[in-house]
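Have a look at the structure below, then the notes.
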Amino acid sequence: MDASLADWIAFGDAQTGQLDKANSYRRASLDVIRRCEARDRALDQRLKAR
């Protein structure tokens, strides 16, 4: 295998790892947002019931 081809393969592998990491951060961020919105909705319902 040509050295430059191996370098491109290594580069692609590294970039895929970065994408996986970014996607996991995105999922975690969206989960936090969903939980906060659910908490806020529950509190809003409690306040409206008063």
Side-chain angles (χ1 to χ4, degrees):
M1 179 184 314
D2 183 295
S4 64
L5 178 59
D7 289 341
W8 274 111
I9 291 170
F11 170 78
D13 248 7
Q15 291 305 305
T16 299
Q18 293 301 313
L19 180 59
D20 289 344
K21 190 186 326 179
N23 285 339
S24 70
Y25 292 152
R26 179 178 178 271
R27 282 188 295 272
S29 297
L30 290 174
D31 186 47
V32 168
I33 291 168
R34 285 185 194 106
R35 289 174 187 229
C36 289
E37 288 175 343
R39 178 205 60 205
D40 293 349
R41 272 191 305 279
L43 179 59
D44 189 47
Q45 290 301 317
R46 285 179 40 207
L47 292 172
K48 284 180 181 177
R50 288 183 175 193

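With sequence neighbours left out, the ring pair (Phe, Tyr, Trp, His ring centres under 6.0 Å) criterion links Tyr25 to no other residue. When the side chain to side chain donor-acceptor pair (under 3.5 Å) test is applied to Ser29, no partner is found at least two apart in sequence or on another chain. Scanning for side-chain contact (heavy atoms from CB on, under 4.5 Å) contacts around Asp20 gives Thr16, with sequence neighbours left out. Applying the side-chain contact (heavy atoms from CB on, under 4.5 Å) rule to Arg27 yields the partners Asn23, Ser24; only residues at least two apart in sequence or on another chain are considered. In this view, Arg34 satisfies the salt bridge (charged side-chain N to carboxylate O under 4.0 Å, His left out) rule with no residue, not counting sequence neighbours.
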Taking only distance into account, with no hydrogens and no angle test, what donor-acceptor pairs under 3.5 Å do side-chain atoms of residues 37-50 form with protein atoms, sequence neighbours excluded?
from, atom 1, to, atom 2, distance (Å)
Asp44, OD2, Lys48, NZ, 3.3

Side-chain polar contacts of residues 5-13 - donor-acceptor pairs under 3.5 angstrom, sequence neighbours left out - could you list them?
none

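Considering Asp31, Ile33, Val32 in turn, Asp31 is the only one that fulfils the side-chain contact (heavy atoms from CB on, under 4.5 Å) rule with Arg35.
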